[in-house]
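Okay, structure first, notes after.
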Amino acid sequence: MESEQPNRQPRVEPVALVDCNNFYCSCERVFNPKLTGKPLIVLSNNDGMPISRSEEAKAVGIDMARPIFELKDIIAKYDVQVFSSNYTLYGDFSRRVMQTIRQFSPKVEEYSIDEAFVGLQGFAHRNLTEYGREMKATIYQWTGIPVSVGIAPTKTMAKIASKIAKKSPKSKGVLDLTNPRFQEIALKRYDVADIWKCGPARSRLLKSHSINTAWDLRNVSLAWVDKKMGVEGTRMVKELRGEPCIPLELMAPKKKRIGCGRSFGRKVESLFEIKECLASHIADAAVRLRRDGQAATGMKIYLQTNPYSNGPQYNKGIGVELPLATDETGELIRWATKAVEQIYKPGIVYKRVHVDFDGLVPNNQIQQSLFIQKDRQKQVQLMAALDQVNRNFGMGRLRYLAEGLEKAWKTRFEYRSPRYTTRWDELLTVRA
DNA sequence: TCTGGGGTCCTAGGACCC
DNA sequence: TCTGGGGTCCTAGGACCC
């Protein structure tokens, strides 16, 4: 394998990755300081498995990939505090963190609920480590959320820098890797499996060719990596060499697909219950569709059994093309419930129903049809009223009868904390 | 014996992210 | 008893065209 050493690094804008530490756990702690220093986990939907762990929980051996019932001994032994996920609370904290970050640079890409890339062009005259520390301190002071900051010439290396910063006590949560000498030290000690966009399949491939560290990967030939891993591999190698291939996205792009699918809280067999649940998912996804300013020209419905069960498996999807794009919940429900009849088979225990809206178009320029007369204006007003009521009085306050009243199938959230910041009736009680 | 070649478009599935 | 959900991008392969 020949190696192409880049002989100089191009002049590029430094980019920081600000990453919240154990984000969901940290949110839970802000209003519940008694949790400080204790092992703490937040569970996935349906209280299935941990999706966020405090450092203390990691230390006592709580594993992310294992279901909660397999962890109950550890939980009891170490008095691990357990919470269902409370996305309303986390979403609100995310907004606060992002707003704080925007005080530090006009160039912010909100990459996920707990991470942002920050363009640092024009800050080169400053000590970037100091700037990062100031950012970290301010975010903690204003929101109560601890973060790690990694700074580097490319996003891929900024990710690496923030991960190292999180773990190494010496860095105090901030690491600047813009200096090539430090890059070499860091990449040589960094496992390829921990590189951004290098998942299990790619790391297995790389390791089978004795490419074990990020430094090994950086020095691989572009021809080789293109052949073995295609464009994404090539981008990874270039980014590790300090050549940006993944630009900052300052404007959130329009979504290409908006969907909803959750596991049932218990066994579901009847078409009636599946239709109710599907209608409820449609209503949920349609809110996000309208919020994104889009309408759907098609949808896909999937019906699935539990892959972990030994029973007969059945997974089927069906596509529906709509004659006219729409964002109106009632109409979407009618199309979907009709379609699901075609894939439903009786006598099967189902685990999940899922809907994806696709063929999305801006909802203010829906193509009209000569043959289908609809009062679009009326629909728009109806949906605006629906969304307004639910925003003011809580999601699901106003809903379609098709979604059901009992909702016996609904997702479990046994250990949810109060929605401290978004519900008047769940405000923090200081003294009872 | 022996059955073209080059292009486009679409979809399903894989891999990955948090 | 009990194993998440919402996304993106890329690729291979089939269908179709001339």
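Below, read A as the first sequence line, B as the second, and so on, with proteins coming before strands; counting in each chain starts at 1. Source: prediction; values computed, not measured.
Taking atom C1' on both B/dG4 and C/dC16, the two are 15 Å apart, rounded to the nearest angstrom.
Protein atom CD of A/Glu321 is 8 Å distant from nucleotide atom P of B/dT11, rounded to whole Å. If you take CG of A/Asn306 and P of C/dG5, they are 11 Å apart, rounded to a whole angstrom. For the pair A/Asn21 CG and B/dC18 C1', the computed distance is 15 Å after rounding to whole Å. Remark: C1' of B/dA12 and CG of A/Asn315 are 14 Å apart, rounded to the nearest angstrom. Atom CG of A/Asp358 is separated from atom P of B/dT11 by 9 Å (rounded to the nearest Å). One interatomic measurement links the two molecules: NE2 of A/His281 to P of C/dG5, which rounds to 8 Å at whole-angstrom precision. Rounded to an integer number of Å, the gap from A/Met49 CE to C/dT3 P is 10 Å. A straight line from OH of A/Tyr90 to C1' of C/dG6 spans 17 Å, rounded to a whole angstrom.
Heavy atoms of A/Ile195 sit under 4.0 angstrom from primed sugar atoms or phosphate atoms, though from no base atom. Using a 4.0 Å heavy-atom distance criterion, A/Arg66 is classed as making no nucleic acid contact. Using a 4.0 Å heavy-atom cutoff across all strands shown, A/Arg352 reaches sugar-phosphate atoms only and no base atom. Across all strands shown, A/Pro307 has no heavy atoms under 4.0 Å from either base or sugar-phosphate atoms. Among the atoms of the strands shown, none is found under 4.0 Å from any heavy atom of A/Phe23. A/Asp47 comes within 4.0 angstrom of no nucleic acid atom, judged by non-hydrogen atoms across all strands. Across all strands, A/Arg202 comes closer than 4.0 Å only to sugar-phosphate atoms, never to a base (heavy-atom distances).
Across all strands shown, C/dG5 is found opposite B/dC18 as a Watson-Crick or G-U wobble partner, with both distances under 3.5 Å.
Taking a cutoff of 4.0 Å between a charged side-chain nitrogen and a carboxylate oxygen, A/Lys38 and A/Asp79 do not qualify as a salt bridge.
Formation of a donor-acceptor pair under 3.5 Å by the A/Gln99 side chain with backbone atoms of A/Arg96 is not found in this model. Using a distance-only test at 3.5 Å, with no hydrogens or angles considered, no donor-acceptor pair links the side chain of A/Ser26 to the main chain of A/Ile145.
Side-chain rings of A/Trp196 and A/Phe117 approach one another, their centers coming within less than 6.0 Å. Under the 6.0 Å cut-off for aromatic ring centres, A/Tyr415 and A/Phe83 do not qualify, their centroids lying 6.0 Å or more apart.
Crowding of A/Tyr140 atom OH: a count of heavy atoms from other residues, nucleotides or ligands under 6.0 Å not exceeding 12.
Toward the 5′ end of DNA chain C lies the nearest nucleotide of A/Tyr24, the other residue of the pair A/Tyr24 and A/Gly230 mapping further downstream. Taking the nucleotide of DNA chain C with the nearest heavy atom to each of A/Asp284 and A/Lys351, the more 5' of the two is matched to A/Lys351.
Nearest nucleotide to the A/Glu232 side chain, out of B/dC16, C/dC10, C/dG5: C/dC10. Closest contact between the side chain of A/Glu115 and the listed nucleotides B/dC18, B/dA15, C/dG4 involves B/dC18. For A/Ser44, whose side chain is taken as the heavy atoms from C-beta onward, the closest listed nucleotide among C/dT3, C/dG4, C/dC10 is C/dG4. Candidate nucleotides C/dG4, B/dC17, C/dG6 were compared by shortest atom distance to the side chain of A/His354, and C/dG6 ranks first. Counting only heavy atoms from C-beta on, A/Ala201 has its side chain closest to B/dC16 among C/dG4, B/dC16, C/dT3. Side-chain proximity of A/Arg288 to the nucleotides B/dA12, C/dG7, B/dC18 is greatest for C/dG7.
Using a 4.0 Å cut-off, some side-chain N or O of A/Arg235 falls inside it from OP1 or OP2 of C/dC10.
Interface residues of residues 248-264 of chain A facing DNA chain B, ordered by number: none; criterion, heavy-atom separation under 4.0 Å.
Side-chain N/O atoms of A/Glu28 and A/Tyr420 include no donor and acceptor closer than 3.5 Å.
The closest side-chain heavy-atom distance from A/Tyr400 to A/Leu386 is below 4.5 Å.
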Just do the side chain to side chain donor-acceptor pair (under 3.5 Å) check on A/Ser417 and A/Asn86 with the steps written out, would you? CA-CA 7 Å; A/Ser417 53; A/Asn86 184 346; 3.1 Å; yes

